[in-house]
Protein chains: 2
Amino acid sequence: MEIPTYEDIEIAHLRIKRFIHRTPVLTSRSLNEMFGCNLFFKCENFQKVGAFKARGALNAVLSLPQEYLKNGIATHSSGNHAQALAYAGRIVGTKTTIIMPSTSSEVKISAVRGYGAEIIFCEPNQKSREETLAEFVSRTNAKFIHPYDNNFVIAGQGTASKELIEDVEHLDFILTPVGGGGLLSGTSIATKHLSPKTQIFGVEPKGADDAFRSLRDGRIYPSVEPKTIADGLLTSLSERTFTIITKNVNQILTVAEESIIQSMRLIYERMKIIVEPSGAVPFAAIVEYPELFQGGNVGLILSGGNVDLRKLPFF
Amino acid sequence: MEIPTYEDIEIAHLRIKRFIHRTPVLTSRSLNEMFGCNLFFKCENFQKVGAFKARGALNAVLSLPQEYLKNGIATHSSGNHAQALAYAGRIVGTKTTIIMPSTSSEVKISAVRGYGAEIIFCEPNQKSREETLAEFVSRTNAKFIHPYDNNFVIAGQGTASKELIEDVEHLDFILTPVGGGGLLSGTSIATKHLSPKTQIFGVEPKGADDAFRSLRDGRIYPSVEPKTIADGLLTSLSERTFTIITKNVNQILTVAEESIIQSMRLIYERMKIIVEPSGAVPFAAIVEYPELFQGGNVGLILSGGNVDLRKLPFF
């Protein structure tokens, strides 16, 4: 299986640059003092569509030959990849279709429609998603853009860490959340090349710890009935992301739900920025295992900021 | 009555510079498109202590002769000025005492204590605040730092607009919230000097419109039983701020509570940053009167980001 190289990330960056934000890296003296290390937050919550997913989707769509674009693009997603693909489709001027569970929130539906994509609703389970997509693709010849099992998507996601490492020298650690593993894969390829001494950690909710178990046992476990507030991290690794992560990543850390909520609250209260639960997961590893990072320079990807404000977990 | 000049703001800036953040100016393409003007948000929600008040308090305290500092400093406040004065007191190493209503929230009490200040509780009304402070000051000879009726405080608050105008050329409008009028006074002095063609607007909740009525009728109305979610804007103008605002400010706009809540929500959802209700008030004027600002470059001071996350008005 071919996997992306650092050169693919460099090319991706050139390709997507004018359609994305070079997001800022924020620091907080009070959080540094609280946890005894120097934290560098890469603010992908400020990215286009509110999440790093814009990078991968754009790289994939901008790489498609013209003859693919004429039939449109499609995916199934209820999350940030849906908005990202809709945004990318609008930029290249192709029809974008998103298969979404009929139970998706009004907020998400109108965000996707806001970018001009069409929605086909399916039953709220994996089987119905995949079948509805397969039927649509075979009927229309639309190009399916997978949210993470795609080399262009992985290379695109890697551009976030490329920027972070360009902006902050001497990172001892870099932490990303893990769901399907696209962001962690891209991050690991960029980091191995640009800063080979930096330790690369994936962070995952304990209630969705399939990547942790998969890496431990050397085989992919599917994510079965995951239970976590971090609703962007429910998916399973693919062969592709499993292979890359196994090769490059030092460790997968798992974090408790209380740590995720506490880390969200600290980010809101101290940094005055909005992050979604999945985006707070890397910082939750600092909250839960501060001893691992003492005195170190730690880069964290704040992966997204799309959260329903009526459902914040601050009770 | 002597009032601050632009030179006082310049000196203030030199004095406080190393203790404050030069906060970023953020923009949002989607909000610009939505309202038909170019919005420049000066992010004082990212300022030390979470609000612009750090500027004025620091300038006042750093200007005090040594013989005043030995008896300590004091104020009455349940809001951001309390934290700001505590922060300033810690920097100069003097004892800081804050008179706070006994009903103040745990969050605010622990924030003030976190900066090392001492708290004396009083009854939750203006009379008890003032009497408790007067008794404390006469007993200890501590120096009272008023939250806005103080030329050094006003000059310090003016440094926020100085930075904004240095960073963004050709502002057609500059908008700040109005409570006691310290920020609006300092803003108006800086703006008149640096960008004389810029129109200066104060914005106030309709439920606390004493500044609007005072400017209209040419006399100070006290703020009587104000009712608004913008709890930083409950205070009345002083002779000093009334004089400065009457001389410099083009207009006071009043905004409905629904506009304040809608503008908070837009800032959270589109910009992914946390702002307190009072801080969203200038943007509420754009939401409520977009026709006034069509095609213009509009600077807004997002004055603070201290908000109880358990009480967000997104129901």
Side-chain angles (χ1 to χ4, degrees), chain A residues 18-21 23-31 33-34 41 43-52 80 83 87 90 105-108 110-111 114-115 261-276 279-280 302-315, chain B residues 18-21 23-31 33-34 41 43-52 80 83 87 90 105-108 110-111 114-115 261-276 279-280 302-315:
Chain A
R18 59 199 181 103
F19 304 112
I20 60 164
H21 294 302
T23 53
V25 177
L26 297 186
T27 59
S28 161
R29 198 177 304 181
S30 70
L31 293 181
E33 282 170 11
M34 202 175 284
F41 293 91
C43 288
E44 290 295 297
N45 52 334
F46 298 158
Q47 189 50 271
K48 289 282 175 190
V49 316
F52 76 93
N80 291 332
Q83 291 183 57
Y87 172 65
R90 192 178 66 176
S105 73
E106 204 45 62
V107 176
K108 288 182 176 177
S110 66
Y115 291 108
I261 293 170
Q262 196 194 334
S263 61
M264 275 183 84
R265 179 180 291 159
L266 284 169
I267 290 169
Y268 281 50
E269 288 182 351
R270 303 291 168 142
M271 306 186 65
K272 310 294 181 191
I273 63 176
I274 304 259
V275 66
E276 60 190 62
L302 285 189
S303 56
N306 293 326
V307 61
D308 187 338
L309 294 171
R310 283 155 299 193
K311 291 181 186 162
L312 289 179
F314 308 121
F315 18 78
Chain B
R18 57 197 183 106
F19 304 112
I20 60 165
H21 295 302
T23 53
V25 177
L26 296 187
T27 61
S28 161
R29 198 176 304 177
S30 70
L31 293 181
E33 283 169 10
M34 203 174 283
F41 293 92
C43 289
E44 290 293 297
N45 52 335
F46 297 157
Q47 189 50 271
K48 289 283 175 188
V49 316
F52 76 92
N80 292 331
Q83 291 183 58
Y87 173 64
R90 193 178 65 176
S105 73
E106 204 44 62
V107 176
K108 289 183 175 174
S110 66
Y115 291 109
I261 292 169
Q262 196 192 336
S263 61
M264 273 181 86
R265 180 181 290 159
L266 284 169
I267 290 169
Y268 280 52
E269 287 181 351
R270 303 290 167 143
M271 305 186 64
K272 310 293 181 190
I273 63 176
I274 305 259
V275 66
E276 60 189 63
L302 285 189
S303 56
N306 293 326
V307 60
D308 187 338
L309 294 171
R310 284 155 298 193
K311 291 181 187 161
L312 289 177
F314 308 121
F315 20 78

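The chains referred to below are lettered A, B, ... by the order of the sequence lines, with proteins before strands, and numbering in each begins at 1. Everything numeric here is computed off the predicted structure, so don't read it as measured data.
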Trainee: What's the separation between atom CG in B:Asp308 and atom CD in A:Glu269, rounded to the nearest 0.5 Å?
Mentor: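 The distance works out to 8.0 Å.
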Trainee: Roughly how far apart are B:Leu309 CG and A:Met264 CE, rounded to 0.5 Å?
Mentor: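 Interatomic distance, B:Leu309 CG to A:Met264 CE, rounded to 0.5 Å: 9.0 Å.
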Trainee: Less than 4.5 Å apart, any side-chain heavy atom of A:Ile274 and any of B:Ile274?
Mentor: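 Side chain of A:Ile274 against side chain of B:Ile274, heavy atoms only: contact under 4.5 Å found.
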Trainee: Using heavy-atom distances under 4.5 Å, tell me whether A:Arg29 contacts chain B through its side chain, its backbone, both, or neither.
Mentor: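 The answer is the side chain of A:Arg29.
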Trainee: Sequence neighbours excluded, which residues qualify as side-chain hydrogen bond (donor to acceptor under 3.5 Å, both in side chains) partners of A:Ser30?
Mentor: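 Result, side-chain hydrogen bond (donor to acceptor under 3.5 Å, both in side chains) vs A:Ser30: A:Ser28.
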Trainee: If you round to the nearest 0.5 Å, how far is CG of A:Leu312 from OH of B:Tyr268?
Mentor: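 It is 9.0 Å, given to the nearest 0.5 Å.
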Trainee: Applying the side chain to side chain contact (heavy atoms under 4.5 Å, CB included) test to B:Lys272, which of A:Asn306, A:Leu302, A:Val307 qualifies?
Mentor: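 The option that passes is A:Asn306.
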